[in-house]
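One structure is given here, and the rest of the page talks about it.
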Amino acid sequence: NDIDGNTYKTVTIGTQTWMAENLKVTKYNDGTAIPNVIDYIAWGELTTGAYCNYNHYSSKVATYGRLYNWYAVNTGKLCPTGWHVPSDAEWNELREYLGGECIAGGKLKETGTTHWLSPNSGATNESGFTALPGGYRYHNGPFGSIGYLGNWWSSTEYGASNADYWGLGMDYYGLSSHNYGEVGGFSVRCVKD
């Protein structure tokens, strides 16, 4: 359970226990509210934690969770107590356990085309992770790629103002790491301490 009372399915993959749903909390685990920043310009100028709903649709939250900037991740208080945002090493452990970069994505993705756009290449969800294509929020405010891409923050920073994220796509089998400005908005999965 998170501090808002949301309960999450979990799944054990190898030695790790992951949430099998995207985070949707609106408060840090110490009870502090996370600001919901709607305005595009304000979003792009943030240097502190914030969240938003995809395209500001509250109807998307139940399925896709919320999008968070990396400043919210970096507080160390985004996940429920006893959980944390995974580091690159932890994402890599997941990927290697599932057979490496080229095929791990298919084993993570929800099957079918209810949420993922066709062809949803390689999707078996044999891991039980049930990854969804929640899209993301650009550093300058607009939204994109729902149905096409699922992107999840890592706790690992990349340089001064970027951080790493791990992505899945509707037309490839892999799980790949990239980096993006910390002011962008991505999905979050928590892993057990």
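Since this is a predicted model, take the numbers as computed values, not measurements.
Annotation: salt bridge (charged side-chain N to carboxylate O under 4.0 Å, His left out) contacts of Glu21 (sequence neighbours excluded): Lys24. With sequence neighbours excluded, no residue forms a salt bridge (charged side-chain N to carboxylate O under 4.0 Å, His left out) with Asp39. With sequence neighbours excluded, the residues that form a side chain to side chain contact (heavy atoms under 4.5 Å, CB included) with Asn162 are Tyr158, Asn179. For Asp193, there are no salt bridge (charged side-chain N to carboxylate O under 4.0 Å, His left out) partners, not counting sequence neighbours. Taking the salt bridge (charged side-chain N to carboxylate O under 4.0 Å, His left out) definition, one finds that Lys192 meets it with nothing, sequence neighbours left out. The side chain to side chain contact (heavy atoms under 4.5 Å, CB included) test applied to Thr81 returns Asn29, not counting sequence neighbours.
A donor and an acceptor atom, one from each side chain of Thr17 and Thr12, are located under 3.5 Å apart. Under the 3.5 Å distance criterion, with hydrogens and angles disregarded, no donor-acceptor pair is assigned to the side chains of Asn53 and Ser58. Between the side chains of His139 and Glu182, no donor-acceptor pair is found at a separation under 3.5 Å. Under the 3.5 Å distance criterion, with hydrogens and angles disregarded, a donor-acceptor pair is assigned to the side chains of Asn120 and Lys109. No side-chain N or O of Ser177 forms a donor-acceptor pair with one of Glu101 less than 3.5 Å apart.
At distances below 3.5 Å, not a single donor-acceptor pair connects side-chain atoms of Glu96 with backbone N or O atoms of Glu93. Remark: side-chain polar atoms of Asp2 are not paired, donor with acceptor, to backbone N or O of Pro80 under 3.5 angstrom. The backbone N or O of Met19 lies less than 3.5 Å from a partner atom in the side chain of Arg189, making a donor-acceptor pair. With hydrogens and angles disregarded, a donor-acceptor distance shorter than 3.5 Å links the side chain of Thr130 to the backbone of Gly128.
Here salt bridge (charged side-chain N to carboxylate O under 4.0 Å, His left out) pairs that include residues 129-156, with residues two or more places apart or in two chains, number zero. Among pairs with a residue in residues 144-155, none fulfils salt bridge (charged side-chain N to carboxylate O under 4.0 Å, His left out), at least two apart in sequence or across chains. Applying the salt bridge (charged side-chain N to carboxylate O under 4.0 Å, His left out) test to residues at least two apart or on different chains, none of the pairs has a partner in residues 150-173. Residue pairs meeting the ring-ring contact (aromatic ring centres under 6.0 Å, His included) criterion with at least one member in residues 12-35, sequence neighbours excluded, are Trp18-Trp91, Trp18-Phe129. Judged as a salt bridge (charged side-chain N to carboxylate O under 4.0 Å, His left out), not a single pair has a partner in residues 58-72 (not counting sequence neighbours). Within the structure, every pair that satisfies the ring-ring contact (aromatic ring centres under 6.0 Å, His included) test and touches residues 94-119, not counting sequence neighbours, is listed here: Tyr64-His115.
For the side chain to side chain contact (heavy atoms under 4.5 Å, CB included) with Thr26, the qualifying choice from Asn36, Asp4, Val61, Ile34 is Asp4, the only one to do so. For the ring pair (Phe, Tyr, Trp, His ring centres under 6.0 Å) with His56, the lone residue among Trp43, Phe143, Tyr51 that qualifies is Phe143.
Taking the six-membered ring where the residue is Trp, the centroids of Tyr180 and Phe186 are separated by under 6.0 Å.
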